[in-house]
There are 2 protein chains.
Amino acid sequence: MSRKPRLRSGSGVTMHDVGLAVGVSAITVSRALYSPERVSDTLRTKILEAVDRLGYVPNRSARALASARSQTVLVLIPSLTNTVFIDTLAGIEDVLRPAGYQMLIGNTHYSAGEEMQLLRAYLEHQPDGVLVTGLSQPPEFAQTLERQGIPAVYMMDLTADGRCCVGFSQEDAGEAITRHLLERGRRRIAFMGAQLDERVLKRLDGYRKALRAAGRYDAALEDLDPAPSTMQMGADALTRLLQAHPDCDAVFCCNDDLAIGALAACQRLGLAVPQRMAIAGFNDLQPAGWVTPPLTTVATPRYRIGTEAARLLLASIAGEADAVTCHDLGFTVMPRASS
Amino acid sequence: MSRKPRLRSGSGVTMHDVGLAVGVSAITVSRALYSPERVSDTLRTKILEAVDRLGYVPNRSARALASARSQTVLVLIPSLTNTVFIDTLAGIEDVLRPAGYQMLIGNTHYSAGEEMQLLRAYLEHQPDGVLVTGLSQPPEFAQTLERQGIPAVYMMDLTADGRCCVGFSQEDAGEAITRHLLERGRRRIAFMGAQLDERVLKRLDGYRKALRAAGRYDAALEDLDPAPSTMQMGADALTRLLQAHPDCDAVFCCNDDLAIGALAACQRLGLAVPQRMAIAGFNDLQPAGWVTPPLTTVATPRYRIGTEAARLLLASIAGEADAVTCHDLGFTVMPRASS
DNA sequence: ACCTGAAATGTTAGCGCTAACATGAAAATG
DNA sequence: CATTTTCATGTTAGCGCTAACATTTCAGGT
């Protein structure tokens, strides 16, 4: 009356099998692998040899189920094609992997709806923590995390509302680069924005603040397009801008892609940069230092945001309450020849 | 004599709890969620309502453990900063997500060693299948997969050795674009290569084949650098190349980044493109069609490689033996003004 | 010799879920 | 109306692992 044996996943070698081969119980194998100090040296050596010989592969699902810790972190980023987030991802990975944590990457495509959906879907993995881009999730988002008791770190921007965040003030950065253009004697400074996510809008706020303070704000000089930014778009926007406002003498582009497109358009139109037109970008991506003329932009600590956020999250997972703080990593205005 | 209750992960609501709330057993809840046709409509509605009300989140680890299927696919790609692989990733995701599969992304950094390490690490998740970039893994790689009975699909290139692959012939593509340059009357065609992964080397093979057939091969015209490619590198290589070989009248760059760098260098050096110097790239990334002059390049079906590979893998996981075939998705030479 | 306590290993139970088999009721069949 | 089939649901056991407690061993102190 024996039942069919159930399916086995993987190679079918379990801790129990390894234990049998060495003459110990499964728990000792578990300890040899994950808390080596609790097993005598001789035994541990024999066990590790057997693990190798039998080709034992631990089963993470079983481990997660039994220990109630998945050793997994969910990372939500708006895009995989934007270098900014890829750099951050690299920083995150460099901290999480050595710590034995697994990254689950969710691409929100800049959509709050998709972000919420992804959170729900990935919660099934019982992540031990979540790294989120930006601060403008719906209230439901934080509630869900709260209910499951999952710590989160918010990346890229700052807030004083008590959430744990790592980044820099997008608004201050926008203000700083605009002020830089003012200091260079520019009087009709335009803003070129695409994607229009929360970070772009905050940079726009900073731009407005700087210009208003100088008494030079003109809403007509704002060119906003919700579509994802491309170099082409930057070129088009610049052409449009100069047609409508021939007196415009500078433009702050919300990112380097737009700025490089704008630069190319100036060259095509025969406008000298920076003499006739100053151009500033944002992020200091690799090409910014390389185009002619080199692009004035704002260098952002993307990689470090990743490492710091990951570190904070790990501390938070470990229960260190003081990990829940706001980390301002700052930014640097990079004055180059385009302004 | 009661023990401490064990930790609970997540919200603590289980299928059993949902069942209690509705007055059914846990297995009925399971069926209502995953094989709805096996539960009556009335009951299913009640169960789903309770799931919502209680905020039940399924536990994927438990599911994977009990069913021996993780609904997870491992994707190994060489880089997250190369648009080529990001596009492929997008294709993969667009097929896997609707099918309920979870992607685990492993970044190999173009290293066979890291690739093997990643495979071993991610095997702990008991992936149901693996998507791999390229064909030149060590024999150990395929053996490991074989032993665990995990199907794999190899992306980007073709092979006749029986492995399931989706891509196009990198060699044929290299040959085709080189022939295009020959047909445009070029006689001293250089090759500029970076990163030097297997795909670049195959394109180089194709380049050599075309030039040898035309009796115009000269090993001195090959500029190879194992470092990751950048626009800067393309510019440097072009300058170097022209210094050493002033008679060089065309260059096939192994990717668009190098080509755009080379283009910029020509402009800086005052060399007319294509009159004095023809330039061809590879991949047809967005900027290729947009720089001046527009770049001749080879369009590659990156997104479709992703969707097809994912589809094949799913079929393979489902046990459809005929899924193990080679899919040639072809490529298209895009003649533009740079040649 | 006895006790104490730390170190090394084992036993038991259960994490949340689903495969396999079992049961009971309703519907279809002769 | 008895019999078979189908459908809807339940029971049992176990996936592989580890928390919690239990036991054994042995060093060191008295």
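Just so we're on the same page: letters track the sequence lines, and every chain starts at 1.
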### Query
R60(B): what forms a salt bridge (charged side-chain N to carboxylate O under 4.0 Å, His left out) with it, not counting sequence neighbours?
E124(A)
### Message
Applying salt bridge (charged side-chain N to carboxylate O under 4.0 Å, His left out), can you list everything that pairs with E198(B), at least two apart in sequence or on another chain?
### Response
none
### Task
Can you figure out which of dG10(D), dC17(C), dT18(D) approaches the side chain of T28(B) most closely?
dG10(D)
Separation of [X] atom [atom1] from [N] atom [atom2], in whole Å?
{"X": "I27(B)", "N": "dA8(D)", "atom1": "CD1", "atom2": "C1'", "value": "13 Å"}
{"X": "L20(A)", "N": "dG10(C)", "atom1": "CG", "atom2": "P", "value": "11 Å"}
{"X": "R31(A)", "N": "dG16(D)", "atom1": "CZ", "atom2": "P", "value": "20 Å"}
{"X": "Y34(B)", "N": "dA19(C)", "atom1": "OH", "atom2": "C1'", "value": "16 Å"}
{"X": "H16(B)", "N": "dT18(C)", "atom1": "NE2", "atom2": "P", "value": "15 Å"}
{"X": "L33(A)", "N": "dT18(D)", "atom1": "CG", "atom2": "C1'", "value": "12 Å"}
{"X": "M15(A)", "N": "dG10(C)", "atom1": "CE", "atom2": "P", "value": "14 Å"}
{"X": "L65(A)", "N": "dA19(D)", "atom1": "CG", "atom2": "P", "value": "12 Å"}

### Upstream residue (5' side of DNA chain D) when V24(B) and A62(B) are each assigned their closest nucleotide
V24(B)
### Task
Find which nucleotide of DNA chain D each of S25(B) and S30(A) is nearest to by heavy atoms, and output the residue with the more 5' nucleotide.
S25(B)
Show me the donor-acceptor pairs within less than 3.5 Å that the side chains of residues 90-109 of chain A make with the rest of the protein, sequence neighbours left out.
| from | atom 1 | to | atom 2 | distance (Å) |
| --- | --- | --- | --- | --- |
| D94(A) | OD2 | Y303(A) | OH | 2.6 |
| Q102(A) | OE1 | H125(B) | NE2 | 3.1 |
| Q102(A) | NE2 | Y122(B) | OH | 3.0 |
| N107(A) | OD1 | H109(A) | N | 3.0 |
| N107(A) | ND2 | H109(A) | NE2 | 3.4 |
| T108(A) | OG1 | I77(A) | O | 3.4 |
| T108(A) | OG1 | Y110(A) | N | 3.3 |
| H109(A) | ND1 | N107(A) | O | 3.3 |
| H109(A) | ND1 | E114(A) | OE1 | 3.0 |
| H109(A) | ND1 | E114(A) | OE2 | 3.4 |

### Sequence neighbours excluded - salt bridge (Lys or Arg N to Asp or Glu O under 4.0 Å) pairs with any residue from residues 126-143 of chain A
R120(A)-E140(A)
## Note on the structure
Here the salt bridge (Lys or Arg N to Asp or Glu O under 4.0 Å) pairs for residues 153-162 of chain A, sequence neighbours left out, are D157(A)-K202(A), D161(A)-R163(A)
### Summary
Assign each of G23(A) and A26(B) the nucleotide of DNA chain C bearing its closest heavy atom; nearer the 5' end lies the nucleotide of G23(A)
### Message
So for the helix from dA1(C)-dT30(D) to dG30(C)-dC1(D), with five pairs setting each end axis, what is the inter-axis angle to 10°?
### Response
40°
## Note on the structure
When rounded to the nearest 0.5 Å, the distance separating CG of L312(A) from OG1 of T307(A) is 9.5 Å
### Query
Do any pairs count as a side chain to side chain donor-acceptor pair (under 3.5 Å) and have a residue in residues 27-37 of chain A, sequence neighbours left out, and if so which ones?
S25(A)-T28(A)
### Query
Considering only heavy atoms, which members of residues 35-52 of chain B lie under 4.0 Å from some atom of DNA chain D?
E37(B), R38(B), V39(B), S40(B), L43(B)
### Task
May I have the step-by-step check of side chain to side chain contact (heavy atoms under 4.5 Å, CB included) for L74(A) and I150(A), ending in yes or no?
CA-CA 10 Å; L74(A) 172 57; I150(A) 300 174; over 6 Å; no
### Message
Holding to side-chain hydrogen bond (donor to acceptor under 3.5 Å, both in side chains), I want the full list of residues that pass it with R311(B), two or more places apart in sequence or in another chain.
### Response
E308(B)
